[in-house]
Amino acid sequence: MGNGMPIVPPIGAPLRVRVVGDTSENSYKSRVADLDDEFLYADVPVHQGTGREMDVHVDTTWVIEYAASENDVYQYCSRVLGLSYIPTPAVRLVHPLRGSDLVRIQRREYFRVSLDAQVKLTCLRTGESYVAQAIDISGGGLAVRTRDPVDIEYRDRVHVDVTLPYTGYRLQAPCQVVRVEAEGTGRTLSMQFVDIPEHVRDQVVRYTFMRQRALRRRIDS
């Protein structure tokens, strides 16, 4: 392990997954279901925006990102080796330390966790306000889902107002919409924070880390 720095994700840790060669840059979320000396077993990933399960194909290659601690985010590639049942289906992957390309990345703020909270959105173009349901959040931005159509478009500036669970921090921040997807009658909006102070971003990162720890405790208990 060298110098005591955490490298291997604990069981229950969130994973972010992308399929190598997927030009749509779809991002999926998963969790570490189990680990042994040779393999990492991951829950079947679900799409970050739609929540749909990924079609898992053996021999495709995934880019896998995980946080070993609050500041240590790692990325590596693994071929999909197969499915195991422990007891629910899990994808068998190469153990992070068995691969040749494990790297530490300076992108802790982009590590997303789920967020169950109501978000007030105010579109700066129209002045209209809406209430949306948060999907997930990171230090880089957040995604929300609205039940009804909203007059918010790609590249619009939006002011968000949401209270983060666990910490109780009230986040009020400007965002830019980077993706809009139709979801039935509503919309899924992916947004990036714009020009937010580092102390505000730190509060978001603090929430993401507390959320990960809470998920791990739930799995361990």
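Throughout, residue positions are numbered sequentially from 1 according to the sequence presented.
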Separation of [Y] [atom2] from [X] [atom1] (nearest 0.5 Å):
X    : Y    : atom1 : atom2 : answer
R16  : W62  : CZ    : CH2   : 14.5 Å
R211 : L115 : CZ    : CG    : 8.0 Å
S138 : Q192 : OG    : CD    : 8.5 Å
T188 : I135 : OG1   : CD1   : 4.5 Å
D161 : L171 : CG    : CG    : 8.0 Å
F39  : R98  : CZ    : CZ    : 8.5 Å

If you look at every heavy atom in [X] and [Y], which pair is closest and at what distance?
X    : Y    : answer
V32  : P10  : CB-O, 3.7 Å
A42  : L15  : CB-CD1, 3.7 Å
R31  : G12  : CD-O, 3.7 Å
I64  : S78  : CD1-CB, 3.8 Å
A117 : V162 : CB-CG2, 3.8 Å

Could you check whether any side-chain heavy atom of [X] comes within less than 4.5 Å of a side-chain heavy atom of [Y], counting everything from C-beta outward?
X    : Y    : value
Y130 : V158 : no
L142 : F193 : yes
V91  : M54  : no
L40  : P9   : yes
H95  : E38  : no
Y74  : R104 : yes
K29  : P14  : no

Item to check | Full working for side chain to side chain contact (heavy atoms under 4.5 Å, CB included) between V180 and I152 | outcome: CA-CA 8 Å; V180 180; I152 297 177; 5.6 Å; no
[X] and [Y]: same hydrophobic cluster, using ILVMFWY side-chain contacts below 4.5 Å?
X    : Y    : answer
V17  : L102 : yes
V131 : V144 : no
V44  : V58  : no
V63  : Y28  : no
V20  : V80  : no

Item to check | Whether over 12 other heavy atoms sit under 6.0 Å from D36 CG | outcome: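 Check passes, neighbour count above 12.
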Next on the checklist: Take a 6.0 Å sphere around CG of D101 and say whether it holds more than 12 heavy atoms from other residues, nucleotides or ligands.
Outcome noted: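 Yes - once you tally the heavy atoms of other residues, nucleotides and ligands closer than 6.0 Å, there are more than 12.
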Next on the checklist: For a side chain to side chain contact (heavy atoms under 4.5 Å, CB included) check, start with the C-alpha distance between V177 and E153, then their side-chain angles and the critical distance, and finish with the verdict.
Outcome noted: CA-CA 7 Å; V177 178; E153 300 171 358; over 6 Å; no
Expected output: side-chain [X] to main-chain [Y] donor-acceptor under 3.5 Å:
X    : Y    : value
Y207 : I137 : no
Y66  : I7   : yes
T146 : R187 : yes
H47  : T50  : yes
S190 : A143 : no
Q176 : R155 : yes
T185 : R147 : yes

Next on the checklist: I'd like to know whether V200 forms a side chain to side chain contact (heavy atoms under 4.5 Å, CB included) with Y169, so could you lay out the CA-CA distance, the side-chain angles of the two residues, the decisive distance to 0.1 Å, and finally the verdict.
Outcome noted: CA-CA 10 Å; V200 175; Y169 180 76; 3.7 Å; yes
Next on the checklist: Under the side-chain contact (heavy atoms from CB on, under 4.5 Å) test against Y41, which residue among L35, L93, I86, I11 passes?
Outcome noted: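 Checked L35, L93, I86, I11 against Y41; only one passes side-chain contact (heavy atoms from CB on, under 4.5 Å): I86.
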Next on the checklist: Among Q172, R201, Q203, which residue satisfies the side-chain contact (heavy atoms from CB on, under 4.5 Å) criterion with I196?
Outcome noted: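 Among the candidates, only R201 passes.
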Only distances under 3.5 Å count here; give the side-chain donor-acceptor pairs of residues 119-128 to other protein atoms, sequence neighbours excluded, each with its distance to 0.1 Å.
residue : atom : partner : partner atom : Å
T122    : OG1  : S129    : OG           : 2.9
R125    : NE   : D156    : OD1          : 3.0
R125    : NE   : D156    : OD2          : 3.1
R125    : NH2  : D151    : O            : 3.3
R125    : NH2  : D151    : OD1          : 3.0
R125    : NH2  : D156    : OD2          : 2.9
T126    : OG1  : E128    : N            : 3.1

Item to check | Non-neighbouring partners of D59 that pass salt bridge (charged side-chain N to carboxylate O under 4.0 Å, His left out), sequence neighbours left out | outcome: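 Salt bridge (charged side-chain N to carboxylate O under 4.0 Å, His left out) check on D59 returns R79.
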Item to check | CA sep, side-chain torsions, deciding dist, call: Q133, D116, side chain to side chain donor-acceptor pair (under 3.5 Å) | outcome: CA-CA 7 Å; Q133 175 64 37; D116 184 11; 2.9 Å; yes
Checklist entry - Which pairs with one or both residues in residues 83-94 pass side-chain hydrogen bond (donor to acceptor under 3.5 Å, both in side chains), sequence neighbours excluded? => result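 Of all non-adjacent pairs touching residues 83-94, those that pass side-chain hydrogen bond (donor to acceptor under 3.5 Å, both in side chains) are S84-R92.
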